[in-house]
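The structure appears below as structure tokens.
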Amino acid sequence: MELEPLYKPHGVEERWQQTWESEGLYRADAADPRETYVIAVPPPNVTGALHMGHALNGSIQDALIRLHRMQGFNTLWQPGYDHAGISTQAVVERELREQGTSRFELGREKFVERVWEWLHEYGGIIMGQFRRLGCSLDYERERFTMDDGYVRAVMRFFVHLYERGWMYRDNRIINWCSDCRTSISDLEVEYIDVDDALTYARYPLLNGEGSVTIATVRPATILADVAIAVNPDDGRYTHLIGKEALVPVVERRVPIIADERVDPSFGTGALKVTPGHDPTDFEIGRDHDLPELTVIGFDGRMTGDIPPEYEGLTEDEADELVVHWLRDHDQLEKRESYRHAVGHCERSGTRIQPLVSLQWWCDMKELAAPAIEAIESGRVTFHPQVQNRVALDWLKAIRPWNVSRQLWWGHQLPIWYCPDGHVTCSETEPDACAECGSPELTRDPDVLDTWFSSALWPFATLGWPDETPDLRRFYPGDVNSTAREIIFLWEARMVMAGLELIDDIPFHDVIIHSTILAADGRRMSKSLRNGIDPLDLIDEQGADATRYGLLRMSSTQDVRFSAQSIEEGRRLANKLWNASRLLLLGGETEPALRPSSLEERWILARIDATRAELERDLDAFDFAHAAERLYHLTFDDFCDWYLESIKPRLTEPDVRATAFAALERLLKLLHPIMPHVTEEIWSHLPSRESRLIVAPWPRSAAEFAGDLNALEDAQTAARIYRRSGVRINVSGDAKRIFEAVVRPAENGQGDVGAEQARLSKEIQRSEKMLANEKFVANAAPDVVEGERQKLAQYKAELDALGN
RNA sequence: GGGCGCGUAGCUCAGCGGGAGAGCACUCGCUUCACACGCGAGGGGUCGCUGGUUCGAUCCCAGCCGCGCCCACCA
């Protein structure tokens with residue numbers, strides 16, 4: 001094969017991806033007795049396409065998987081998809097709308113069929129895109145949160161919780177999205193600052209003169225008022241507690257009650273209580289046994305026991321009408337502009353409507369306790385560590401989870417009702433009501449929150465609830481890597497579910513990776529059009545460059561996308577390619593460790609030291625430093641010093657054999673991050689016993705450790721020569737290296753004076769420090785000793801310059 | 001309102017108690033027979049501001065200014 005001077009990833013990468021997969025090298029086998037290393041991929045939405053977050057996370061997980069595969073672990077990287085209830089349903093509904101129909105016209109059964117059809121046609125493309133990134137997932141194991149086995153796991157989980165007594169049905173206030181037409185969990189509500197008007201309305205007091213004024217941003221909800229509440233310690237109002245007031249418009253008599261949840265400093269200090277449409281009011285209402293009136297329906301329009309002119313109005317229209325009424329009746333005190341945070345559905349962007357609704361809830365307290373213990377004891381650790389606290393704070397303040405969704409796409413609740421309203425909970429369809437034996441059963445139409453099934457991912461993908469060999473072998477897993485925003489939605493719930501159902505944590509380490517922001521520092525988003533498609537990067541620069549770049553720019557915090565980092569990766573791939581060409585163009589030689597000189601032992605020591613550092617980096621999930629380290633090992637150590645220094649001797653068989661052996665090790669270290677170019681080069685090397693992807697990770701080479709500083713004399717001589725033009729005396733190995741590395745052309749640009757001045761300055765600084773008695777007395781001995789050595793070094797170099 | 005984090009070279013970021021670093025960009029010199037997607041040399045920073053601790057502070061502490069994220073039922 002012709003080795004061109006420019007490495008072209010296109011074609012090469014696809015070829016290796018196909019080879020690796022078709023040779024079964026991604027496969028994990030439960031019968032393989034070696035120690036396991038397991039990662040379950042965060043299942044992407046089945047409707048989605050690869051974005052920057054997936055690409056970074058894929059690079060992270062694949063680096064870990066490939067490292068451990070080479071280290072001899074039985075590695076499993078589990079692939080699959082999430083059915084993504086709301087967004088998938090929304091995608092198909094949009095298509096139906098475009099076709100002039102709707103899911104209601106189709107009916108539930110037909111609609112669900114339609115979703116499956118849509119998915120078969122357009123869904124599930126990301127695994128192909130992960131392949132293009134070079135991700136070594138065991139693709140034959142692909143799972144879907146809606147496949148038959150998985151549905152069984154979800155049903156089992158629900159029934160388990162029901163039987164535990166943690167799953168209950170209750171009329172409570174929920175977050176209603178009138179666009180998605182479903183409730184959503186607290187975690188899916190996004191608070192956005194909104195400019196509203198704060199309306200001050202006078203409520204006349206009954207049996208007496210005067211009125212009490214309340215402030216509200218939602219005048220329409222006045223129609224559902226059932227009380228006025230004041231803080232018991234608010235002296236302005238204590239005399240009113242126990243009295244009654246008249247609600248405007250509907251002229252309802254309501255009590256004035258005391259509750260410490262009322263903030264005296266807000267508005268007038270008097271709160272209109274609307275349990276049907278406000279979470280705080282709902283709590284107050286429950287504690288004071290107040291009725292829960294509803295005046296806004298699931299469609300966002302006015303409804304219920306209201307004056308006829310309000311029926312069917314939108315909330316905004318009703319607001320206006322109420323304000324008119326107040327003005328007409330001289331009960332409008334004032335309106336002022338008011339900016340505050342209002343909950344919106346993070347998916348549709350619609351303003352959340354707090355509504356009282358009959359829903360299924362999961363009490364999380366007892367599930368959370370073992371998860372808290374697991375994190376506090378360190379059995380599960382988040383990286384970076386600060387996230388442990390974040391997760392713990394949430395778990396310790398955990399609230400009931402509204403798990404039912406008013407959708408058609410998802411896992412329908414395993415709940416049946418008989419005509420008498422008895423509840424039967426069963427994994428499979430029951431014949432009769434568990435309580436009264438009635439055969440007339442109706443299944444609850446709701447489906448479960450998507451995250452309910454996601455919580456089972458680490459073990460449902462391995463066959464749970466069956467005791468499969470895979471489950472026994474590959475559970476618990478090792479690592480889970482994900483974005484920060486799903487710590488609560490997913491990570492915490494996987495830990496809870498794993499501990500509850502299998503009595504063991506699902507993984508030991510959770511990597512919370514960077515969010516890659518656009519170059520302008522904002523989130524990448526479709527609407528802002530500031531996103532970058534990772535597939536474009538792969539096409540333009542190659543998967544290796546993309547992987548390297550993403551890891552290089554990653555951090556423990558959010559980062560701006562850096563095109564330069566990807567570019568750096570491309571140059572690294574090209575550099576490796578050309579370094580290999582240098583050796584290969586001289587003909588094949590069997591790799592063998594036969595170092596006969598200082599510089600040869602030195603590069604082996606450098607590679608080994610980098611191996612150890614790299615292992616530490618990856619162990620700490622510090623991918624940026626891992627990438628940086630490999631870059632410098634390749635460019636500086638391997639190419640600029642080692643290859644340059646042995647070039648004149650590249651015809652000697654032992655030098656060549658050693659160089660190939662050193663290159664082998666270099667390729668191995670780089671493979672987890674840049675799998676394709678390394679495998680490609682590897683395939684050109686003589687005597688390959690296996691693919692690089694499954695080649696053994698280099699063992700530590702302690703025998704070369706003593707040669708780590710071996711190059712120093714030659715490096716000092718070269719540096720002085722290049723800067724000053726002065727050739728200082730070196731001998732032996734150092735002289736040979738010097739001659740090989742320094743080119744005659746570099747002569748003539750040196751400036752002796754500048755170099756002398758620089759050294760003199762350093763000497764001055766060092767001498768001043770050492771003359772400080774307090775420094776010598778107080779500083780750590782090794783620091784003082786180090787400073788003395790530096791001074792001696794500077795002086796020696798200055799002497800060498802002929803001073 | 002509570003919590004967390006960040007402000008270091010033109011850009012993107014490391015460093016986090018003893019000489020201010022990397023990559024890119026910039027300047028200069030090299031058509032060196034692996035690579036000009038290269039090699040060598042260099043310019044560029046009061047390390048957000050103000051105090052404090054220390055022999056010594058970019059690094060620790062306090063306060064301030066600016067930016068970001070998360071959590072939270074203030075109508």
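Residue numbers start from 1 in every chain, and the chains themselves are labelled A, B, ... in the order their sequence lines are given, proteins ahead of strands. Just so we're clear, the structure is a prediction, and the values are computed from it rather than from any experiment.
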| task | In plain terms, say whether A:Glu762 and A:Lys768 are close enough for a salt bridge, that is, a side-chain N and a carboxylate O under 4.0 Å apart. | result | no

| Under 4.0 angstrom between A:Ser555 side-chain N/O and B:A14 OP1 or OP2 | yes

| said: Taking any heavy-atom pair under 4.0 Å as a contact, classify A:Asp640: base, sugar-phosphate, or nothing. | reply: sugar-phosphate

| query | For A:Ser554 and A:Lys647, take the nucleotide of RNA chain B holding the closest heavy atom to each; which residue's nucleotide lies nearer the 5' end? | reply | A:Ser554

| At under 4.0 Å, does any side-chain N or O of A:Lys575 touch on OP1 or OP2 of B:C39? | yes

| task | Using a heavy-atom cut-off of under 4.0 Å over every strand shown, decide if A:Val783 touches base, sugar-phosphate, or nothing. | result | base

| task | Classify the nucleic acid contact of A:Tyr548 as base, sugar-phosphate or nothing, counting any heavy atom under 4.0 Å across all strands shown. | result | nothing

| Ion pair A:Lys795/A:Glu767, N-O distance below 4.0 Å | yes

| task | Name the pairing partner of B:G45, where a pair is Watson-Crick or G-U wobble with both distances under 3.5 Å, or state none. | result | none

| said: What contact category does A:Val559 fall into here, base, sugar-phosphate, or nothing, at under 4.0 angstrom with non-hydrogen atoms? | reply: sugar-phosphate

| field | Pairing of A:Arg351 and A:Asp196 as salt bridge, 4.0 angstrom limit | value | yes

| said: Using whole Å, what does the distance between atom P of nucleotide B:G23 and atom NE2 of A:His632 come to? | reply: 5 Å

| task | Please work out if A:Arg570 contacts a base, only the sugar-phosphate, or nothing of the nucleic acid, heavy-atom cut-off 4.0 Å. | result | base

| query | Quantified in whole Å, what is the C1' atom distance between nucleotide B:G5 and nucleotide B:C13? | reply | 16 Å

| query | Ion pair present between A:Arg172 and A:Glu283, side-chain N to carboxylate O less than 4.0 angstrom? | reply | yes

| With a non-hydrogen cut-off below 4.0 angstrom, is A:Arg389 in contact with a base, only sugar-phosphate, or nothing? | sugar-phosphate

| Are side-chain N/O atoms of A:Asp259 and A:His288 paired as donor and acceptor at under 3.5 Å? | yes

| task | Between B:C37 and B:C24, how far apart are the C1' atoms? Round to whole Å, please. | result | 13 Å

| request: Could you give the distance separating B:G45 and B:A22 at their P atoms, to the nearest angstrom? | output: 15 Å

| task | Would you classify A:Phe561 as touching base, sugar-phosphate or nothing, given that sugar-phosphate means primed atoms plus P, OP1 and OP2, and contacts are heavy atoms under 4.0 Å? | result | nothing

| Minimum-distance nucleotide to A:Ala779 side chain [options: B:A41, B:A34, B:G18] | B:G18

| query | What is the distance, rounded to the nearest whole Å, between atom CG of A:Asn772 and atom C1' of B:U54? | reply | 12 Å

| Distance check: side-chain N/O of A:Arg571 vs OP1/OP2 of B:G38, anything under 4.0 Å? | yes

| request: Select base, sugar-phosphate, or nothing to describe what A:Ser562 touches, counting heavy atoms under 4.0 Å on all strands. | output: sugar-phosphate

| Taking atom types as modelled and ignoring hydrogens, do the side chains of A:Arg552 and A:Ser565 form a donor-acceptor contact shorter than 3.5 angstrom? | no

| task | Consider the side chain of A:Phe266, meaning its heavy atoms from C-beta on, and name the nucleotide among B:C74, B:C13, B:C71 that approaches it most closely. | result | B:C74

| message | Mind checking if A:Phe635 touches a base, just sugar-phosphate, or nothing, with heavy atoms under 4.0 Å? | response | sugar-phosphate

| said: Mind checking if A:Arg399 touches a base, just sugar-phosphate, or nothing, with heavy atoms under 4.0 Å? | reply: sugar-phosphate

| field | Short side-chain N/O contact to B:A34 OP1/OP2 from A:Tyr7, under 4.0 Å | value | no

| query | Which whole-number value in Å describes the distance from A:Asp520 CG to B:G68 P? | reply | 12 Å

| said: If you assign each of A:Glu485 and A:Ser565 to its closest nucleotide in RNA chain B, which residue comes earlier from the 5' end? | reply: A:Ser565

| query | For B:A14, does OP1 or OP2 lie under 4.0 Å from any side-chain N or O of A:His625? | reply | no

| What's the OH-C1' distance between A:Tyr631 and B:C13, to the nearest Å? | 15 Å

| Looking at A:Arg722, does any N or O in its side chain come under 4.0 Å of the phosphate oxygens OP1/OP2 on B:G40? | no

| query | Which part of the nucleic acid does A:Glu644 contact within heavy-atom distance under 4.0 Å: base, sugar-phosphate only, or nothing? | reply | base

| Within the structure shown, what part of the strands sits under 4.0 Å from A:Leu6 by heavy-atom distance: base, sugar-phosphate, or nothing? | base

| task | Provide, to the nearest angstrom, the distance between the CZ atom belonging to A:Arg484 and the P atom belonging to B:C70. | result | 7 Å

| message | If the threshold is 4.0 Å, N to carboxylate O, is there a salt bridge linking A:Arg560 and A:Asp520? | response | no

| query | If the C1' atom of B:C69 is compared with that of B:U27, how far apart are they to the nearest Å? | reply | 40 Å

| So which nucleotide does B:U32 pair with, by the Watson-Crick or G-U wobble rule with both distances under 3.5 Å? | none

| field | For B:A25, the Watson-Crick or wobble partner whose two distances fall under 3.5 Å | value | none

| remark: When both distances are under 3.5 Å in a Watson-Crick or G-U wobble arrangement, the nucleotide paired with B:C55 is B:G18

| task | Provide the distance between the two P atoms, one in B:G44 and one in B:C6, to the nearest whole Å. | result | 30 Å

| field | Length of the CH2-P vector between A:Trp641 and B:C39, whole Å | value | 13 Å

| Gap in Å between the two P atoms, one belonging to B:C39 and one to B:U32, rounded | 14 Å

| field | Pairing partner of B:C69 (Watson-Crick or G-U wobble, both distances under 3.5 Å) | value | B:G3

| task | Could you give the distance separating B:C61 and B:G7 at their P atoms, to the nearest angstrom? | result | 14 Å

| query | With sugar-phosphate meaning primed atoms plus P, OP1 and OP2, does A:Ala780 contact a base, only sugar-phosphate, or nothing at under 4.0 Å between heavy atoms? | reply | base

| message | Output the rounded distance in Å from CZ (A:Arg765) to C1' (B:G18). | response | 9 Å

| field | Between A:Asn578 and A:Arg581: side-chain donor-acceptor atoms closer than 3.5 Å | value | yes

| query | Within 45° of the ring axis of A:Trp401 and under 6.0 Å from its six-membered ring centre, is that where the NZ or CZ of A:Arg493 lies? | reply | yes

| field | Base of B:G18 paired with side chain of A:Glu787 (donor-acceptor, under 3.5 Å) | value | no

| field | Gap in Å between the two C1' atoms, one belonging to B:C47 and one to B:G21, rounded | value | 11 Å

| said: In this structure, how many angstroms lie between the P atom of B:A22 and the CZ atom of A:Arg552, rounded? | reply: 12 Å

